[in-house]
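Accompanying notes for the structure given below.
Here, residue 1 is the first one in the sequence, and each next residue gets the next number.
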Amino acid sequence: MSQKVRVRFAPSPTGPLHIGGVRTALFNYLFAKKHQGTFFLRIEDTDQNRFVPGAEEYIMEALEWLGIAPDETIGKNEQFGPYRQSERKHIYADYANQLIESGWAYYAFDTTEALEQARKTQEEQGKTFIYNHTNRDSLDTSLSLTTEQTAARIAKGDQYVIRFKTPVNETLHLKDIIRGAVKFETSLLDDKVLFKSDGMPTYHLANIVDDHLMETTHVIRGEEWLPSMPLHVLLYRAFGWDAPQFAHLPLILKPVGNGKLSKRDGDKLGFPVFPLEWTDASNMTKSSGYRENGFFPEAVVNFLALLGWNDGTEKELFSLEELATLFDLTRVHKSGAKFDPEKNKWFNHHYLMLQKDEDLAETFSSTLSDKNIDAAQFNLTKIVSLIKERANFVSEFWELSDFFFVAPSEYDAKASKNWKEETPALMQQLVTVLDSIDDFSSINIETIVKDWMTTNEIGMGKVMQPFRLSLVGALKGPHLFDIVELIGKKETIVRIEKAIATL
């Protein structure tokens, strides 16, 4: 690629960033890094009716958290600024007028009522109303007025929009990096509104003008924008500009059933579909986020990268740096990718195992302080090292390790069947053995206890299961003698004696 790659993520601040949008941002980021290019963020807020306070900040924070922050955006390397479309609105009218002057656009004065009537008339004849070459000369447009008549109506304050004049009877042969050759018949397209009389452009005009002025080389976006591709390419032609290359990403599908994964699916099906938690200010409902649910950002990036892309091997675990090196748009699939919440937990488990025990212990300590447990009294790093293998999230640590901090108050009924008539006497002997040990390290305790059982010909199951039940309250947990070392001699004996008295 001779031209320096410049790609953008251009969301509208209409609410929290859906995971599909996050993947679009990620693929743009990876493509930019692969080609030593620039990834920039533009906020497309021309539709002020749908603007949601806090959404823009949310988008920025989500990209930061994921480690895919833009190279240029609002307040950062603003060489093509402003990066907020509402602050660029003064520039779009000139471009709309250029299209009028070159014959690529026209004024339409139709009222909402008139358009509704035209639609109704078509439907009564069993047809679909499309505003295009079939009717634009007979509708209320500047195409049937002189320049003076049009100017007089605008001066009088008549409401209007500026529509694109789509060429007739042309087959557009276009290329999509992911989908290959795609073709569109211009006669089937409608004349889209580009500019409104309130001085605001529509998405189509603002998007094209901004992509040109910001020197975007590749437009990588969701497949829902594929039907807009012919209009966008024609707009580039109308302005006499070179169009960027286009790549339309496949949909992310629901885990079960058909259709696209929607914003409502997450909390309904019990998993997040947003990177961060979001509170809807209109009704104060909360939607869960990957960050607050205990996912590592690296895990989210890893599983999102594999939704619709792979490197051609069976490999599943990639760092962000590896992804940036390997990423290739031609390896993005055309068909939709099913979202798998269970697989996402598998990814998180992998990244949890890569964390330092000290860091996990520090995170876990806040759970303990919520339970009024002084973490400083325990070897938390060691405890974490023993339990993390069984966890997908730090939030599961308490359930896996509560017995290290609090003696069991009840005993698992099923496991209690291992407590036989001879068990109390054996447990009392075990107390004597433990009490005599000075070096209370796991390996030493295990050696002495096992020697005692062998010498006295006591079966392993007769001691080990009741021993674990006494300390844990159930037949679960890591290596028994590691538990004994960590809770200490005094606590071990207290728990065994309590079990003798209770069971």
Side-chain angles (χ1 to χ4, degrees), residues 10 44 46-47 95-96 98-100 102-144 160-196 201-209 211-212 218-251 258-260 334-336:
E44 303 205 331
T46 51
D47 188 349
Y95 289 98
Q98 253 185 61
L99 294 174
I100 293 269
S102 61
W104 277 97
Y106 58 92
Y107 293 99
F109 298 97
D110 317 89
T111 61
T112 312
E113 296 73 33
L115 286 177
E116 206 43 64
Q117 187 53 51
R119 228 173 242 113
K120 208 169 152 193
T121 307
Q122 286 287 83
E123 279 167 12
E124 282 165 4
Q125 296 170 20
K127 297 173 186 166
T128 305
F129 176 78
I130 300 179
Y131 203 128
N132 66 1
H133 65 95
T134 59
N135 52 21
R136 61 193 174 206
D137 292 322
S138 59
L139 288 161
D140 194 5
T141 72
S142 60
L143 296 173
S144 54
Y160 68 86
V161 295
I162 294 175
R163 285 183 180 270
F164 186 66
K165 192 178 176 186
T166 311
V168 189
N169 299 328
E170 187 185 334
T171 303
L172 291 176
H173 293 277
L174 307 177
K175 186 176 178 297
D176 183 281
I177 298 171
I178 294 165
R179 284 149 213 289
V182 283
K183 65 176 188 171
F184 300 90
E185 299 298 331
T186 60
S187 297
L188 303 175
L189 303 174
D190 57 340
D191 289 359
K192 284 272 189 269
V193 174
L194 301 178
F195 200 78
K196 296 169 284 192
T202 61
Y203 165 82
H204 301 290
L205 179 67
N207 184 277
I208 295 311
V209 168
D211 275 346
H212 172 70
H218 298 75
V219 171
I220 305 165
R221 59 189 180 184
E223 76 169 35
E224 63 271 24
W225 293 109
L226 192 59
S228 301
M229 188 181 175
L231 169 65
H232 293 177
V233 170
L234 287 168
L235 275 166
Y236 277 99
R237 185 202 291 179
F239 284 120
W241 300 334
D242 289 335
Q245 292 187 54
F246 288 89
H248 290 89
L249 306 173
L251 294 175
N258 300 321
K260 179 180 164 185
K334 292 186 188 72
S335 54

Open item on the list: Which residue is it: Arg119, Lys120, Glu113? I am looking for the one with a side chain to side chain contact (heavy atoms under 4.5 Å, CB included) to Glu116.
Closed with: Arg119
Open item on the list: Please find the pair of heavy atoms, one from Ile220 and one from Leu249, that lie closest to each other, and give the distance.
Closed with: CG2-CD2, 3.8 Å
TODO: Quick one: list whatever passes salt bridge (Lys or Arg N to Asp or Glu O under 4.0 Å) with Asp47, sequence neighbours left out.
DONE: none
TODO: May I ask you to test the Tyr107-Ile162 pair for a side-chain heavy-atom distance under 4.5 Å?
DONE: yes
Open item on the list: Rounded at 0.5 Å granularity, tell me how far CG in Leu99 sits from CZ in Phe239.
Closed with: 3.5 Å
- [ ] Quick one: which residue pairs count as a ring pair (Phe, Tyr, Trp, His ring centres under 6.0 Å) with a foot in residues 164-196, not counting sequence neighbours?
- [x] Trp104-Phe164
Open item on the list: Return the NZ to OG1 distance between Lys183 and Thr171, rounded to the nearest 0.5 Å.
Closed with: 6.5 Å
Only distances under 3.5 Å count here; give the side-chain donor-acceptor pairs of residues 225-238 to other protein atoms, sequence neighbours excluded, each with its distance to 0.1 Å.
residue	atom	partner	partner atom	Å
His232	ND1	Arg221	NH1	3.2
His232	ND1	Arg221	NH2	3.3
His232	NE2	His204	ND1	2.9
Arg237	NH1	Glu170	OE1	3.2
Arg237	NH2	Glu170	OE2	2.6

- [ ] For Asn132 and Leu189, indicate whether the former's side chain and the latter's backbone hold a donor-acceptor pair under 3.5 Å.
- [x] yes
Open item on the list: I'd like to check the side-chain contact (heavy atoms from CB on, under 4.5 Å) partners of Lys196; sequence neighbours left out, ordered by chain and number.
Closed with: Val161, Val193, Asp198, Met200, Thr202
TODO: Report the residues that fulfil salt bridge (Lys or Arg N to Asp or Glu O under 4.0 Å) with Glu123, sequence neighbours left out, ordered by chain and then residue number.
DONE: none
Open item on the list: Listing request: all salt bridge (charged side-chain N to carboxylate O under 4.0 Å, His left out) pairs with a residue in residues 126-143, at least two apart in sequence or in separate chains.
Closed with: Arg136-Asp191, Asp140-Arg153
- [ ] Mind checking the NZ-OG1 spacing from Lys192 to Thr166? Nearest 0.5 Å is all I need.
- [x] 8.5 Å
